[in-house]
Amino acid sequence: MTRGAALRPAVWIWLGLAAARAAPAQSSADRLALRHLRDTLAALHDVPLLRGRQHALARTPEPLAQLRLALVGVRLAELGAQADAKPAIEATRRVTRARPDWPWAWYVLGLAETQRAAWEQGNTLNLGSRVGVGTLERAIGRDRQAIAADPAFVPAALHLADLTLSLRDTALFGPARDDLRLASAASPGDPLVLLARGRLERAADQADSAETVFERYVWAGGDRALGLLELARTRLARGDAAGEGAYYAGAAVDDSVAVAGYRADLAPIAADSELAAFDRTRGAERAEFLRRFWADRDGLEMRAEGERLREHYRRLQHARRHFALTVSRRFYGDADAYRDGGTEIDDRGVIYVRHGEPTERLKPFVYRLMPNESWRYARAEGDLLFHFSAGYDPSSGGDLYDYRLVESVLDLRGAVEAPPDQLLLSRQTLSPLYARMLNWGRFGAAEAASEERGIGSASIAFGTTTDSYELAFAQPLAAVASLVAIGRDSTGPAAQLVFAVAGTNLHGTPSGDGVRYSVRVRFVAIDARGTPFGVRDTTYLFQVGHALDRRDWLLQRLQVLLPPGRWDWRAAIQSDDSAGVVLPHDSVRVAVSNGRLALSDLALGVADAAARWPVSPGDTVLLTPFDLFRPGADLELYYEVTQTEPGRSYRHEITVYRLKDPRRPDRRRPEVTLGFDERAAAPLSRSHRTLRLGRLRPGTYLVEVRVAAAGASEPVTRQRIIRVGELR
């Protein structure tokens, strides 16, 4: 017996009910019968049976029979037997004309038009990027009429919320929210109505109301895990740290709907490997995975715990309100440089969710140019540059409200017809390249255009595969830093972060006979897997006798513990919340102690521009973060040799090479050489030497140290590049 045959008796009962009377209003018994019919039809797949009942009901013009006829038609549309839902729409329209006070009539008409919209969107002969959108907007109107007829009619309220949120049109959120407020007042204890209303409140940017509604949803017996997630989304989006507790509490529950929500929120920034790892977690393990996921991102960006999580939900909320796609299809053209196929947010939203607010955002008007934007992100490693183009061109459909990434301003839709001077001058604040493209002549302009396109291509590749929350400051701070892998404590090897801050934009406070300066230093080391390690956040107070200017520098040292191996690292230095700098990534190698001879980094310093590191009583090392030294200066060199055998002699050779071409370290000539033998007194040997630069002309030099045990043929080597010249 088929599934349809098994349900046949019940179906005949509900479909065979004849309405011999015309009730003055839709009775509760009729509503209950229609609800049971809808639920029964949802489990029915017997198309011939449905067609038979459709023909039988079509002969009865009575409104209730016509409403049943429409429900059967909706089910046939869902099964693809009457995909355009035309019979259902026609039947329901007859009912709404006869009984406009029946909420079920308007609701079923909305269901039928929703099915028709799906048919329109699936028909490849229907051209355009908004196919079916108008029909869905009509369906929303039907649901609103159902609620107007009876605010307590829950199915229409839920359908209205789902349709409105799916269309992502902010103009629809306010009216739908008002209708859901009526519905929740008429059905105050219904968890599903509260959930739908809360989502519309948040979409309409009513965070306080949304939070209250989601709390009521949990208290009313709604899905607790889902309720906690919705509360977390709402609180975190407005920067409320209280949302973190709800976020992790909900993540610890094995609720399939809530877990899918957590995963969907991660998907815009998480790598495939991270999503796969999330999928393998269960219960409390899942919450712990998310804690590590966000804590690692906080560490990498040198931020306080929880900042990245809150920023992520703020970005999601902003992107969904300001960069939402209100199209049902996306057609790509030759100039579109990124094709993710997403239909929730446009490419501006993709970049915004990953990298946040741009440093500079341009929306210029240029004659004949379609709507467009250009964004610049100022970053320590080099700026990111993104161009977004909306509108149409001959090679793609496009849409005036669908902004796509393109590599160059020359790819913007309409750029070929736009005046070249207006096009390029509209971007001149982003980069000097645009002035060169306009003014450098044929070959110079072509070279600048090629460079501009390369920056655009690299920015897209980086911007669409990574995420960031880089610290930003209103005023730049002149600062340099260097990490030198020397030193150790009782737990293992260390490195010294030595930094210098110029007086420019450094904010001081009068104190006693001088000025007090507060300098905050943030540091993070990053292992080969991209995981943060050794995160530090320290504030130093400097007391000086006078206010500093641009020629004055403050120097200090921060010791960080680093196990052996190669590490990337970055640092940020700030005077207060408004003045600071994020330094570019750099790397350091901590010597591996595996029983063999090892050599530390080379520490360099000059007496008048160095931080002092007391290695031991009576032994001080000078450390400078600069790589430029004055001619004639005495340069203090310090390094450590580990795994030496006490009593054994070691040969030290120090050479300073002049580099003819800094890009070719192999092309070098020795300028200073120094060699000596030294007997080790302990497993760790410290060596101090003074290098006099009086003979060196301005230029770039390589300092090399080689150490080998007596009689050994393989020395250990370390190098460091310096420059000799006048300080400006």
Side-chain angles (χ1 to χ4, degrees), residues 129 168-170 268 314-327 330-340 342-379 383-393 396-435 437-438 449 452-464 466-468 470 472:
S129 58
R168 299 177 292 276
D169 187 342
T170 55
R314 186 199 67 79
R315 292 179 186 179
L316 285 176
Q317 177 76 354
H318 183 89
R320 287 165 178 163
R321 282 195 59 80
H322 298 279
F323 307 128
L325 277 172
T326 56
V327 299
R330 300 185 81 185
F331 300 98
Y332 293 100
D334 296 338
D336 296 322
Y338 176 64
R339 309 184 182 198
D340 71 332
T343 57
E344 182 182 14
I345 53 178
D346 64 24
D347 291 358
R348 295 173 304 171
V350 170
I351 297 300
Y352 192 92
V353 170
R354 286 183 175 275
H355 300 286
E357 193 69 31
T359 308
E360 185 175 3
R361 179 179 179 183
L362 299 179
K363 297 190 289 184
F365 171 79
V366 177
Y367 179 64
R368 288 188 178 275
L369 202 62
M370 291 285 188
N372 64 93
E373 294 189 20
S374 290
W375 294 4
R376 180 180 66 87
Y377 288 86
R379 297 175 60 87
D383 290 358
L384 297 176
L385 200 57
F386 300 100
H387 304 290
F388 306 95
S389 184
Y392 311 86
D393 65 22
S396 71
D399 190 88
L400 285 172
Y401 301 96
D402 183 2
Y403 285 76
R404 314 278 185 81
L405 278 164
V406 295
E407 291 183 348
S408 166
V409 293
L410 303 178
D411 295 336
L412 296 173
R413 289 176 169 84
V416 174
E417 294 83 13
D421 55 342
Q422 293 183 31
L423 174 64
L424 297 176
L425 289 174
S426 69
R427 264 63 179 192
Q428 63 180 341
T429 62
L430 297 176
S431 169
L433 283 171
Y434 296 105
M437 291 168 66
L438 183 62
E452 188 259 356
R453 182 174 295 278
I455 292 174
S457 176
S459 296
I460 292 171
F462 180 86
T464 57
T466 64
D467 65 282
S468 64
E470 187 159 297

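The shortest distance between side-chain heavy atoms of Glu360 and Ser374 does not fall below 4.5 Å. At least one side-chain heavy atom of Arg330 sits under 4.5 Å from a side-chain heavy atom of Leu325. Within the 4.5 Å cutoff, the side chain of Ile455 has no heavy atoms near those of the Ser408 side chain. For the pair Val327 and Thr343, the minimum side-chain heavy-atom distance is 4.5 Å or more. Leu400 is listed as a side-chain neighbour of Met370, based on a closest heavy-atom distance under 4.5 Å. Between Tyr367 and Glu417 there is no side-chain heavy-atom pair separated by less than 4.5 Å. Side-chain atoms of Pro268 and Leu316, non-hydrogen and from C-beta on, do get closer than 4.5 Å to each other.
Considering CG of Leu362 and OG1 of Thr429, their distance stands at 4.5 Å, rounded to 0.5 Å. Rounding to the nearest 0.5 angstrom, the gap separating the CZ atom in Phe462 from the CZ atom in Arg354 is 10.5 Å. Separating the CG atom in Asp346 from the OG1 atom in Thr326 is a distance of 9.5 Å, to the nearest 0.5 Å. For the atom pair Arg348 CZ and Asp402 CG, the distance stands at 9.0 Å (nearest 0.5 Å). Phe388 contributes atom CZ, which lies 11.0 Å from atom OH of Tyr338 (distance to the nearest 0.5 angstrom). Summarising the geometry, atom CZ belonging to Arg339 is positioned 11.0 Å from atom CG belonging to Asp347; distances are rounded to the nearest 0.5 Å.
Contact between Val366 and Leu423 at its shortest, heavy atoms only, is CG1-N, 4.1 Å. Summarising the geometry of His387 relative to Glu407, their closest heavy-atom pair is CD2-O, 3.8 Å, with the distance given to 0.1 Å. Shown here for Val350 and Ile345, the closest heavy-atom pair between the two residues is N-CD1, 3.7 Å. Of all heavy-atom pairs between Ala449 and Met437, the closest is N-CG, 3.7 Å. Contact between Val406 and Ser389 at its shortest, heavy atoms only, is CG1-CB, 4.3 Å. The shortest non-hydrogen separation linking Glu452 to Tyr434 is OE2-OH, 2.7 Å.
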Requested in this report: Start with the C-alpha distance between Asp383 and Ser431, add both sets of side-chain angles, then the distance that settles side-chain contact (heavy atoms from CB on, under 4.5 Å), and finish with yes or no.
Outcome: CA-CA 9 Å; Asp383 290 358; Ser431 169; over 6 Å; no
Requested in this report: Check step by step if side-chain contact (heavy atoms from CB on, under 4.5 Å) holds for Asp340 and Thr464.
Outcome: CA-CA 10 Å; Asp340 71 332; Thr464 57; over 6 Å; no
Query - Chi angles and distances behind the salt bridge (charged side-chain N to carboxylate O under 4.0 Å, His left out) call for Asp411, Arg404 - result: CA-CA 11 Å; Asp411 295 336; Arg404 314 278 185 81; over 6 Å; no
Query raised in the report: Are Arg320 and Glu344 close enough, and set up right, to give a salt bridge (charged side-chain N to carboxylate O under 4.0 Å, His left out), and what steps lead you there?
Result: CA-CA 8 Å; Arg320 287 165 178 163; Glu344 182 182 14; 2.9 Å; yes
Report task. Could you walk me through whether Ile351 and Leu384 pass the side-chain contact (heavy atoms from CB on, under 4.5 Å) test, one step at a time? Result -> CA-CA 11 Å; Ile351 297 300; Leu384 297 176; over 6 Å; no
Requested in this report: For the pair Arg413 and Asp336, evaluate salt bridge (charged side-chain N to carboxylate O under 4.0 Å, His left out) and give the outcome as yes or no after the intermediate values.
Outcome: CA-CA 10 Å; Arg413 289 176 169 84; Asp336 296 322; 3.1 Å; yes
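Applying side chain to side chain donor-acceptor pair (under 3.5 Å) to Tyr352 and the options Glu357, Arg315, His322 leaves one that passes, Glu357.
Under the 6.0 Å cut-off for aromatic ring centres, Trp375 and Tyr403 do not qualify, their centroids lying 6.0 Å or more apart.
Using a distance-only test at 3.5 Å, with no hydrogens or angles considered, a donor-acceptor pair links the side chain of His355 to the main chain of Thr466. Side-chain atoms of Ser129 do not come within 3.5 Å of backbone N or O of Asp399 as any donor-acceptor pair. Side chain of Ser459 to backbone of Leu385: a donor-acceptor contact under 3.5 angstrom is found. Not one N or O on the side chain of Arg376 forms a donor-acceptor pair closer than 3.5 Å with the backbone of Thr359.
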